[in-house]
There are 2 protein chains.
Amino acid sequence: MAKVTIKEIADILGVSTATVSRVLNNSGGYSEETKRRVLDVLKQYNYQANAMAKGLRTKKTNSVGVVLPDLTNEYFAKIAVAIERVLMKKGYSINIYNMSEDANKEELMLRDLESRGVDGLIYVSGYRNQVNRVKELNIPVICVNQLEKMDETMPVIESDHEYGGYLAAKALLERGTERIIMLRDERDILPINQREQGFKAGLKEQHLRPLHISRIPFNVDAAQKEIADLLKNGKSFDGIFASSDILAIGALKALQQHGLQVPDNVQIIGFDNVTFSQYSYPALTTIHQSTDQLGEKAAERLIQSMQENHLDSNGRIVVPVHLVERETTQAWRV
Amino acid sequence: MAKVTIKEIADILGVSTATVSRVLNNSGGYSEETKRRVLDVLKQYNYQANAMAKGLRTKKTNSVGVVLPDLTNEYFAKIAVAIERVLMKKGYSINIYNMSEDANKEELMLRDLESRGVDGLIYVSGYRNQVNRVKELNIPVICVNQLEKMDETMPVIESDHEYGGYLAAKALLERGTERIIMLRDERDILPINQREQGFKAGLKEQHLRPLHISRIPFNVDAAQKEIADLLKNGKSFDGIFASSDILAIGALKALQQHGLQVPDNVQIIGFDNVTFSQYSYPALTTIHQSTDQLGEKAAERLIQSMQENHLDSNGRIVVPVHLVERETTQAWRV
DNA sequence: GTGAAAGCGCTAACAT
DNA sequence: ATGTTAGCGCTTTCAC
């Protein structure tokens, strides 16, 4: 029951700890015969290496940190799980640092990161300053969907937000809408700005512009209130592009409470394809972001960096997005 | 930049490592004067203890494991975050073990748990056998909402599932429904069984019984299909109690697609009060479970166990639930 | 009040 | 092919 150590295994076999260690690490320098004997006893006693002793000696912990803004947000949780799936297979375990949008935690996180000696870090949705502080740890860092432009040396994995916005504009136009508004997260962050850019570019191809762009806090209630206000003020529109499904859901609710039919009177396209978007009524048409690919690619890239033991980058990886057509848009018309 | 060690601090000050260590741990045996000097240099060099060296020496890691079935499920993520909030304040960091409903991972988790030497463990939604295996680690373990009856020595924090079911029945009856069906997770697990018990007890008080109980897989589509089938087969009902919001959402969708009005023709009550339940249309009436309390109480209790260094229990803690009335039920009728 | 030294469990030179 | 040994960074007796 008490954990068995290398020394005890060695004593049982009458060999040295070095031999046991060699077998454990497959580092060669022993006969097939000893290998077999050692392995047997190891298994028999269910030997489990002491990670702290090993880490102290080797300066490698086989663990990586994952920093994200909010674990209760399905989108981030999915990315974390995808990262874990890949890293787990390679023998790494992960420490999640849930920032809870709380600046105080940053200091605590940095201390913990340093104290525990993670071998690498994946920073999801970080601001430039936050990421720069983390770089001082001198371990490989990968960003996923960064919120501000990083310096050139930072490897980044991101969704094709701009093309997503473009797809939304195109889809709305093809389905006959003409007076389109955009509902966007008020924060001046890269992914949202890029979605807006792409969206405008899509409209511009048809020599159109958004009728109106609302900048609102990132939550359902704000979106609901905003659409209700626009309606109350007599604003007339037949299409909405929301920068996130969260906002689209709020818009949908406001329209329904105002007695408007979706998609007959107003069509809506969201962004992210969160699980719930398929269960609203009507089900939300949206731009799909692949959290799986985001997480997997980030993990693969980090593993590569950790093995090659270099910190610098070879640029960005852009993960494609696509339109998921459901019920808040009409059948294709053109 | 390179991490500074106790030895370096000691050399700078011309004292021994022992003295620095004593100051660091507030263990006394030094003058106020030295304390001040040591603290100064510590701060100046931004000293950060090496967690591995410390852990190796003290056999304490100041970390606890949190095992849960699925991180991408908001319910579990919220519990994890609540646990973290409490433990973080006490200087613990947490390792999340996301089982992804995958039995293979259990072995990996146990190895990792042992190897990293966590000081305690919180097992969320575990089966008896799983928890028993974990008990062999000889560290304090707390269960949250266990899926099967544990032995008497296991401390458990759980929602009052039974009373929740009772509340749902009472609410449905008070709002005039008479032909009530229940939609439940098909798995034979404690929380769901208890909700059913309470629900039946509530009906029985009015000398009623559920018209029908459907056992279905735990996902939206299954619920939607089940209600669609019942409707197709001419089953007539005016109230639904779903054992989880997830199922309630599926039911709502099926009713809407069948042209039925909620709550006019059919009233629905769910369970859990997941974030999304307030944003469905109409918004879901549901039984609220406090993930915050569940997580906080589990963490507090674990801290106590770890400090007292005893493994046994003092029974169960039951966290209250309550009805959250929204739009899938009618106004109170008597 | 302070220092010397041992040792936690492991790996990696360096011997043999 | 195998053993001996030093040491990773820390805490904790035991001396003084």
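Order of the sequence lines sets the chain letters (A, B, ...), proteins ahead of strands, with each chain counted from 1. Hydrogens, waters and symmetry mates are skipped; everything else that's a heavy atom, side chains included, is used. Keep in mind that what you see is a predicted model, and the values were worked out from it rather than measured.
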Atom-pair distance ([atom1] on [X]; [atom2] on [N]), nearest Å:
X	N	atom1	atom2	result
N62(B)	dC10(D)	CG	C1'	14 Å
N26(A)	dA12(C)	CG	C1'	16 Å
K54(B)	dT12(D)	NZ	P	9 Å
I9(A)	dG9(C)	CD1	C1'	13 Å
Y30(B)	dT11(D)	OH	P	12 Å
M52(B)	dG9(D)	CE	C1'	9 Å
D11(B)	dG3(C)	CG	C1'	13 Å
K3(B)	dC8(D)	NZ	P	15 Å

Going by distance alone, is a donor N or O of one side chain under 3.5 Å from an acceptor N or O of the other, for Y97(B) and D112(B)?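 The answer is yes; a qualifying pair exists.
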Would you say the side-chain atoms of R116(A) and S93(B) include a donor-acceptor pair closer than 3.5 Å?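 Note: R116(A) and S93(B) side chains meet the donor-acceptor criterion.
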Look at Y47(B) and dG9(D) and indicate whether a side-chain polar atom (N or O) is within less than 4.0 Å of OP1 or OP2.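 For dG9(D), neither OP1 nor OP2 has a side-chain N or O of Y47(B) closer than 4.0 Å.
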Answer yes or no: does a side-chain N or O of T19(B) lie under 4.0 Å from OP1 or OP2 of dG1(C)?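 No, outside the criterion.
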I'd like to know whether K3(A) forms a salt bridge (charged side-chain N to carboxylate O under 4.0 Å, His left out) with E114(B), so could you lay out the CA-CA distance, the side-chain angles of the two residues, the decisive distance to 0.1 Å, and finally the verdict. CA-CA 8 Å; K3(A) 284 179 236 171; E114(B) 185 162 9; 5.7 Å; no
Does this structure show an ion pair linking [X] with [Y], if we count only N-O contacts that are shorter than 4.0 Å?
X	Y	value
K78(A)	E74(A)	yes
R85(A)	D102(B)	no
R36(A)	E33(A)	yes

Every protein N/O lying under 3.5 Å from an N/O of nucleotides 4-8 of chain C:
residue	atom	partner	partner atom	Å
dG7(C)	N2	R57(B)	NH1	2.9
dC8(C)	O3'	K59(B)	NZ	2.8

Listed once per pair and sorted, the side chain to side chain donor-acceptor pair (under 3.5 Å) pairs that draw on residues 123-133 of chain B, sequence neighbours left out: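 Side chain to side chain donor-acceptor pair (under 3.5 Å) check on residues 123-133 of chain B returns E107(B)-R133(B), Y123(B)-Q130(B).
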So what does [X] hit on the nucleic acid, given a heavy-atom distance under 4.0 Å: a base, only sugar-phosphate, or nothing?
X	answer
S27(B)	nothing
G28(A)	nothing
G117(A)	nothing

